[in-house]
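To start, the structure under review is shown below, and the notes come after it.
Values below: every heavy atom of this structure, side chains too, minus hydrogens, waters and symmetry copies.
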Amino acid sequence: FGAAAACADAMGLTLEQRIWALGNAGTQAAGLWQVRLEPVMSKQLHTGHAAWAGLTAASLASAGFSGPARILEGERGFFAAMCEGADITGIAREEADWLIHETTFKPWPACRHTHATIDCVLALREALGPVVADFADCTVETFGDAIGICDNANPATRTAAKFSLQYCVAAAAIFGPLRPEHFDETNVGRADLGTRLRRVTLKPAPDLDAIYPDHYGARVTLRLADGRTVMHQVRDALGDPERALSVEAVFDKTRKLMAYGGVADGRAREVVDAASSLLEGAIAAEEPFPAGLLRPLFEP
């Protein structure tokens with residue numbers, strides 16, 4: 001729904017076309033959490049498909065392809081299928097602010113539950129330097145869900161490493177700020193990472209559990225090779241509203257993701273420039289994007 005609404009607005013669709021776009025986006029909306037219970041790649045399909053489906057729905061609407069007007073509240077619509085008992089009046093209720101301002105942007109390419117721990121390791125690495133990479137042992141104290149979902153001392157794949165607190169500690173200690181390639185199989189299988197992740201112990205922290213899920217916190221204690229013991233704690237993970245990423249940091253991650261995915265440099269610049277122009281107010285809300293920045297898939 002969000003992608004369709006954004007694309008419809010950027011394309012300058014009529015009210016009827018916007019309704020069609022939302023209708024045809026809604027009939028494709030899905031994303032079931034079973035993907036987290038099996039060692040598969042489907043989680044990444046959710047966001048990619050949502051973006052593609054939204055653009056497709058808006059492009060089809062611009063070409064006259066109709067869609068259901070009551071896709072949300074209809075007797076066989078989205079609420080009936082996915083959100084039984086939903087407050088259907090809430091969708092049109094005016095609010096003081098947009099929920100996107102309360103949304104987390106993930107700086108690190110791993111499960112969100114690992115981020116506070118990664119932040120702690122990076123803070124220690126920044127303070128002490130590369131000596132952190134050769135820690136003798138590590139204790140991670142964090143909220144229960146993080147341990148329940150991300151306790152994996154033997155990850156063998158990219159996806160498993162993204163859901164391994166132990167791997168994330170070792171990788172952050174060795175590499176520093178984590179990038180997508182740090183979770184490639186060539187790195188996941190490195191002997192030095194394997195040695196270090198087996199030095200990591202996970203421990204539930206009642207004080208951090210007490211403030212979760214309002215705050216995603218962690219406490220990391222490292223015993224270094226020279227015998228020193230150092231500790232760092234965060235109450236909120238970087239990228240949460242309480243520790244929001246700067247706009248440039250979001251764009252920087254966007255560039256890195258597109259580069260990792262093989263997007264041509266010129267096209268990547270177009271995307272970032274288009275988003276930047278929205279922030280700068282260069283495009284009025286009632287006007288479509290300049291030609292070529294958002295390309296409909298189907299011409300009317």
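Using a 4.5 Å cut-off on side-chain heavy atoms (C-beta onward), His232 and Val230 make no contact. By the 4.5 Å heavy-atom criterion applied to side chains, Tyr167 and Cys150 are not counted as neighbours. Using a 4.5 Å heavy-atom threshold, the side chains of Lys106 and Thr114 count as separate. Contact annotation: the side chain of Phe251 never approaches that of Ser246 to less than 4.5 Å [non-hydrogen atoms, C-beta and beyond]. Using a 4.5 Å heavy-atom cutoff, the side chains of Ile19 and Glu16 are not in contact. Two residues are said to be in side-chain contact when any heavy atoms from C-beta on lie closer than 4.5 Å; Val188 and Thr157 fail this criterion. Considering only heavy atoms from C-beta on, Leu32 stays 4.5 Å or farther from His46 through its side chain.
In this structure, Arg36 is positioned above the aromatic face of Phe163, its NZ or CZ under 6.0 Å from the six-membered ring centre and within 45° of the axis.
A salt bridge (charged side-chain N to carboxylate O under 4.0 Å, His left out) with Arg199 is found for exactly one of Asp137, Asp192, Asp134, namely Asp134. With Arg219 as the partner, the salt bridge (charged side-chain N to carboxylate O under 4.0 Å, His left out) test is satisfied by one option alone out of Asp209, Asp207, Asp119: Asp207.
Within the 3.5 Å criterion, the main-chain N or O of Asp151 finds no donor-acceptor partner in the side chain of Gln166. Between the Ser42 side chain and the Leu45 main chain, no donor and acceptor come within less than 3.5 Å of each other. For Thr27 (side chain) and Gly23 (main-chain N/O), no donor-acceptor pair under 3.5 Å exists by modelled atom type. Put simply, the side chain of Ser59 gets close to the backbone of Leu55: a donor and an acceptor are under 3.5 Å apart. Between the side chain of Arg125 and the main chain of Val132, no donor-acceptor pair closer than 3.5 Å is present. The closest donor-acceptor contact from the side chain of His215 to the backbone of Leu208 lies at 3.5 Å or more, if one exists at all. The closest donor-acceptor contact from the side chain of Asn24 to the backbone of Ser66 lies under 3.5 Å.
Under the 4.5 Å side-chain heavy-atom criterion for ILVMFWY residues, no single connected hydrophobic cluster contains both Val250 and Leu257. In the hydrophobic clustering of ILVMFWY residues, with side-chain heavy atoms under 4.5 Å counting as a link, Leu238 and Phe175 come out together.
Salt bridge annotation for Asp145-Arg112: absent, with no cationic side-chain nitrogen under 4.0 angstrom from a carboxylate oxygen.
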Kindly indicate, with the supporting measurements, whether the criterion side chain to side chain contact (heavy atoms under 4.5 Å, CB included) is fulfilled by Val200 and Val140. CA-CA 7 Å; Val200 178; Val140 173; 4.0 Å; yes
Using side chain to side chain contact (heavy atoms under 4.5 Å, CB included), reason through Phe135 and Val169 one step at a time and then give a plain yes or no. CA-CA 10 Å; Phe135 61 88; Val169 167; 4.1 Å; yes
Starting from the C-alpha separation in whole Å, work towards a yes-or-no answer on salt bridge (charged side-chain N to carboxylate O under 4.0 Å, His left out) for Arg255 and Glu248. CA-CA 10 Å; Arg255 295 184 192 98; Glu248 182 51 40; 2.8 Å; yes
Could you walk me through whether Leu128 and Arg228 pass side chain to side chain contact (heavy atoms under 4.5 Å, CB included), step by step? CA-CA 11 Å; Leu128 301 171; Arg228 284 181 295 165; 4.0 Å; yes
Check against side chain to side chain contact (heavy atoms under 4.5 Å, CB included), Val40 and Thr159: CA-CA 7 Å; Val40 295; Thr159 299; over 6 Å; no
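Taking the six-membered ring where the residue is Trp, Phe78 and Phe1 present perpendicular rings, their angle passing 60° and hence far from 30°.
For Arg198, there are no side-chain hydrogen bond (donor to acceptor under 3.5 Å, both in side chains) partners two or more places apart in sequence or in a different chain.
Taking the six-membered ring for Trp and the full ring otherwise, His113 and Phe143 have centroids separated by under 6.0 Å.
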